[in-house]
Amino acid sequence: MAVPQVAAPPPATRRVRRSHQGWKFVGPFMIVFALVFLAPIAYSIYLSLYRNRLIGGNAFVGLDNYTQALQDSQFWSGVGRVGLFLVVQVPIMLFLALLVALALDSGRLYGKSFFRVSIFLPYAVPAVVAALMWGFIYGSQFGLVGSINDALGISLPDPLKPSLILASIGNITTWQFVGYNMLIFFSALQVVPKSLYESAAIDGAGQLRIIRSIKLPAIRGALVIATIFSIIGSFQLFNEPAILRNLAPNAITTYFTPNFYAYSLTFSGQQINYSAAVAVIMAVITMIVAYVVQLRGTKDL
């Protein structure tokens with residue numbers, strides 16, 4: 001008796017089944033991603049399109065909140081401040097991190113493991129604790145600066161005065177994140193073939209030439225990534241101004257940075273809808289700047 005032949009499913013059906021199998025693996029991640037990332041963004045955009053009025057309650061106003069934010073001098077003052085912070089602090093921090101990574105990678109530094117852990121250790125300190133610690137150091141009345149003034153009979157500049165507060169915050173951020181960026185650069189240097197260094201040395205290249213012609217081009221991708229992370233962190237500057245404001249209320253205003261301005265609008269001014277518009281605009285600015293840096297950094301890679 002002949003056994004009936006069962007026709008194989010068409011190729012299209014097999015492809016559909018394979019795609020369903022893939023969604024079973026990525027599904028849990030997509031659900032969490034949608035809940036903790038996409039949903040808050042969508043809700044913020046929704047809030048930014050409304051305004052709470054004394055008469056009529058929460059009313060749809062379209063882009064009025066965005067128009068107000070774009071004409072808000074306090075908002076743009078905060079944007080300019082973090083822009084200055086970005087232009088000055090980020091290159092200094094990345095240069096120091098690169099310098100340390102190159103020193104560790106050279107193999108000529110005694111106690112390399114100790115220095116690597118020591119430089120990375122500040123990154124393990126929570127940002128709030130770091131700001132409190134440095135705030136105590138900066139204190140001219142009760143902190144280390146004040147103690148030095150009293151002990152030596154001198155008058156050091158007050159790090160918490162308005163003209164120096166941004167530099168003081170930059171010092172805290174640099175102290176905390178040099179080790180983090182150093183680890184990125186050092187990890188990238190570890191995968192560069194050592195034979196390239198040996199060949200360059202045989203050809204008579206010195207250490208500076210090896211760094212310029214081999215090491216820096218090899219870790220260009222890591223440099224771009226660290227720069228993008230630093231740009232995002234600069235535009236999100238919040239913890240340090242929020243903590244130091246209690247110590248320097250005359251130097252740090254409620255609109256010192258855009259993030260701090262949005263926070264103040266929400267919890268002090270009860271302007272949730274306008275705060276959401278400010279946050280959305282800052283997110284767009286951050287994405288544009290980071291994308292431009294990425295395009296220029298990865299060109300010809």
Asks: Give a yes or no on whether F238 atom CZ has more than 12 heavy-atom contacts from other residues, nucleotides or ligands under 6.0 Å away.
Replies: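 Correct, the count exceeds 12.
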
Asks: Under the criterion side chain to side chain contact (heavy atoms under 4.5 Å, CB included), which of I165, I252, L160 is the partner of L247?
Replies: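 Of I165, I252, L160, side chain to side chain contact (heavy atoms under 4.5 Å, CB included) with L247 is met by L160 alone.
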
Asks: Give the intermediate values and the outcome of side chain to side chain contact (heavy atoms under 4.5 Å, CB included) for residues L70 and W76.
Replies: CA-CA 8 Å; L70 293 175; W76 287 112; 3.8 Å; yes

Asks: Tell me whether T257 contacts the main-chain N or O of L237 through its side chain, where contact means a donor paired with an acceptor under 3.5 Å.
Replies: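 Pair found, side chain donor or acceptor close to backbone of L237.
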
Asks: Can you give me every donor-acceptor pair (side chain of residues 80-94, partner residue at least two apart or in another chain, under 3.5 Å) with its distance?
Replies:
from, atom 1, to, atom 2, distance (Å)
R81, NH1, F256, O, 2.7
R81, NH2, S77, OG, 3.2
Q89, NE2, T174, OG1, 3.1

Asks: Below 30° counts as parallel, above 60° as perpendicular, anything between as tilted: where do the rings of W175 and W134 land?
Replies: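 Aromatic pair W175/W134 classed perpendicular.
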
Asks: Output all residues satisfying side chain to side chain contact (heavy atoms under 4.5 Å, CB included) with T254, sequence neighbours left out; order by chain, then residue number.
Replies: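 In terms of side chain to side chain contact (heavy atoms under 4.5 Å, CB included), with neighbours along the sequence ignored, T254 is linked to R245, S264.
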
Asks: Report yes if some heavy atom in the side chain of I211 is under 4.5 Å from a heavy atom in the side chain of L102; otherwise report no.
Replies: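 Yes, at least one pair of side-chain atoms sits under 4.5 Å.
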
Asks: According to the interplanar angle, ranging from 0 to 90°, do the rings of Y123 and F120 count as parallel (below 30°), tilted (30 to 60°) or perpendicular (above 60°)?
Replies: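 Geometry flag for F120 against Y123: tilted rings.
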
Asks: Parallel, tilted or perpendicular for Y263 and F260, by the 30°/60° rule?
Replies: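 Aromatic pair Y263/F260 classed parallel.
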
Asks: Using side chain to side chain contact (heavy atoms under 4.5 Å, CB included), reason through N65 and V278 one step at a time and then give a plain yes or no.
Replies: CA-CA 8 Å; N65 288 324; V278 169; over 6 Å; no

Asks: Just how far is it from atom CD of Q294 to atom CD1 of I228, taken to the nearest 0.5 Å?
Replies: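 Rounded to the nearest 0.5 Å, the CD-CD1 separation comes out at 4.5 Å.
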
Asks: Applying salt bridge (Lys or Arg N to Asp or Glu O under 4.0 Å), name anything that partners D72, two or more places apart in sequence or on another chain.
Replies: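 Once residues adjacent in sequence are excluded, D72 has no partner under the salt bridge (Lys or Arg N to Asp or Glu O under 4.0 Å) criterion.
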
Asks: Decide yes or no for P241 and I169: does some side-chain heavy atom of the first lie under 4.5 Å from some side-chain heavy atom of the second?
Replies: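 P241 vs I169: side chains touch.
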
Asks: Would one find more than 12 heavy atoms of other residues, nucleotides or ligands at under 6.0 Å from atom CZ of F33?
Replies: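 For F33, atom CZ is crowded (more than 12 foreign heavy atoms under 6.0 Å).
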
Asks: So that I can tick it off, tell me whether K194 and D105 are bridged by a salt bridge, with the cut-off set at under 4.0 angstrom between side-chain N and carboxylate O.
Replies: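 Answer for the salt bridge query: yes.
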
Asks: Mark yes when over 12 heavy atoms from residues, nucleotides or ligands other than F75 sit less than 6.0 Å from its CZ; otherwise mark no.
Replies: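 Yes, because the 6.0 Å sphere around CZ of F75 holds more than 12 heavy atoms from other groups.
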
Asks: Take a 6.0 Å sphere around CZ of F25 and say whether it holds more than 12 heavy atoms from other residues, nucleotides or ligands.
Replies: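 No - once you tally the heavy atoms of other residues, nucleotides and ligands closer than 6.0 Å, there are 12 at most.
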
Asks: So how far is it from F185 CZ to M182 CE, rounded to the nearest 0.5 Å?
Replies: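 If I round to the nearest 0.5 Å, the distance is 10.5 Å.
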
Asks: Within the supplied structure, the quantity of interest is the number of heavy atoms (other residues, nucleotides, ligands) at a distance under 6.0 Å from I154 CD1; does it exceed 12?
Replies: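 Result for CD1/I154: enclosed.
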
Asks: Does the side chain of Y274 pick up a donor-acceptor pair with the side chain of D64 at under 3.5 Å?
Replies: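 No, because no side-chain N or O of Y274 sits under 3.5 Å from a partner of the opposite role on D64.
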
